[in-house]
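First the structure, in the form of structure tokens, and then the observations on it.
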Amino acid sequence: MNLDDIKIDKELKIIFMGTPTFSVPILEALIKDYKVRAVVTQPDKEVGRGGNVSFSPIKKVAMANTILTLQPDHIRDAVDEILALEPDLIVTCAYGQILPRAILDYPRYGCINVHASLLPKYRGGAPIHRAIMAGAKKTGITIMYMNLRMDEGDIISQSEIEVSETETASSLHDKLSILGAKLLIETLPSILAGTNNRIPQDSSKATYGFIIKREDEKIDFGKTKKEVYNQIRGLNSWPGSYCMCDGKILKVWESYITENYFPNKFNGEITNIYKDGFGVKVENGEVVFTIVQPEGKPKMHATDFINGLANKGKVIGKVLE
């Protein structure tokens with residue numbers, strides 16, 4: 001096969017596997033240029049007390065385009081159903097399950113994954129959050145062949161993007177989602193023509209972007225101001241970082257760093273009230289919280305939170321935990 005044959009081969013049968021919003025531009029790009037035979041996504045969820053059913057973002061795209069949707073609890077339980085569709089290529093993006101060998105070995109063009117990092121950096125389910133929390137200066141998208149291990153398959157192509165000092169997980173998520181769609185469409189012709197790269201990963205250079213756990217969300221004021229700042233922006237807009245104020249959860253969504261230093265204050269102690277927020281002492285300086293969310297309330301400017309405290313006059317010196 002050569003590149004002149006790609007137009008004909010756009011009738012090949014593709015199965016797409018994914019679930020969250022991040023995967024939507026990738027699926028939409030495939031639908032525009034190729035024949036997507038079916039979508040595999042996570043099962044519907046009940047939300048709220050009324051038992052309302054919530055569809056995944058990927059299922060909504062599939063329904064809008066009249067694409068067959070499969071929703072197994074475990075992918076191993078849907079092997080026969082998937083192979084019966086005779087896929088020529090399987091594309092996954094943020095699906096969240098490792099495919100069994102029977103599926104990996106079936107498509108003639110293989111099973112490929114769109115991953116939101118420059119592998120082997122940040123293997124795992126939260127590469128965007130972890131890159132920002134680690135203070136990474138760059139990240140990107142990797143198109144890779146899948147194998148039986150998490151994000152360890154051969155690299156086909158990569159595209160790099162800079163991570164600014166003010167980047168949040170939310171803003172980087174959106175940029176990488178669009179970049180992933182672009183890189184996939186640019187890479188597919190070489191895969192179909194058999195001219196693509198296949199570069200084994202150097203596992204000695206691997207780092208991991210493990211799924212965020214509750215303990216990752218709590219702010220440790222014993223860390224440096226850079227570490228605290230990176231944690232806050234790395235968990236914005238989900239799930240958010242938090243501390244405790246008067247025994248209640250206070251989520252922190254936005255902040256910035258100052259050059260102030262308070263050697264005589266405790267870590268976690270409120271240092272100053274500013275026009276745009278309030279400062280908190282950390283190990284080597286001060287982080288100013290600007291957007292916060294008290295327990296049971298919506299997001300608000302940090303100054304509004306301070307103004308709403310019953311003991312406003314004793315704010316400076318209060319210690320957050």
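Residue numbers start at 1 and run along the sequence shown.
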| task | Decide whether Tyr122 and Asp151 meet the rule of one side-chain donor and one side-chain acceptor closer than 3.5 Å. | result | no
| field | Distance-only polar pair, side chains of Asn284 and Lys225, donor-acceptor under 3.5 Å | value | no
| Close side-chain approach of Ile14 and Leu12, heavy atoms under 4.5 Å | yes
| field | Donor + acceptor pair across side chains of Ser117, Thr139 (<3.5 Å) | value | no
| Pair Tyr109-Asn196, side-chain donor/acceptor within less than 3.5 Å | no
| request: Check whether any side-chain heavy atom of Val228 lies under 4.5 Å from a side-chain heavy atom of Thr224, and answer yes or no. | output: no
| said: Pairing donors with acceptors under 3.5 angstrom, does anything connect the side chains of Asp154 and Gln201? | reply: no
| Cation-pi, Phe210 ring and Arg130 (6.0 angstrom, 45 degrees) | no
| said: Evaluate Asp276 against Thr290 for side-chain hydrogen bond (donor to acceptor under 3.5 Å, both in side chains), listing each step before the verdict. | reply: CA-CA 6 Å; Asp276 56 353; Thr290 57; over 6 Å; no
| Of Thr41, Thr19, Thr69, which is the lone residue that meets side-chain hydrogen bond (donor to acceptor under 3.5 Å, both in side chains) with Ser56? | Thr41
| query | Thr271 and Glu286: side-chain donor and acceptor closer than 3.5 Å? | reply | yes
| Can you tell if the side chain of Ile31 reaches within under 4.5 Å of the side chain of Ile67, non-hydrogen atoms only? | yes
| Row check, Tyr242 ring normal vs Arg214 NZ/CZ: under 6.0 Å, within 45° | yes
| query | Do Phe55 and Lys45 have side-chain heavy atoms sitting under 4.5 Å apart? | reply | no
| message | Side chains of Asn147 and Glu152: any donor to acceptor distance under 3.5 Å? | response | no
| Does a donor on one side chain and an acceptor on the other come within less than 3.5 Å for Ser203 and Arg123? | yes
| task | Determine, for Glu269 against Lys265, whether the closest basic-nitrogen to carboxylate-oxygen distance falls under 4.0 angstrom. | result | yes
| said: Using the rule that Ile, Leu, Val, Met, Phe, Trp and Tyr join whenever any side-chain heavy atoms are under 4.5 Å apart, tell me whether Val24 and Val36 fall into a single cluster. | reply: yes
| message | With a 4.5 Å cut-off on side-chain heavy-atom distances among I, L, V, M, F, W and Y, is there a chain of contacts connecting Phe266 to Phe278? | response | no
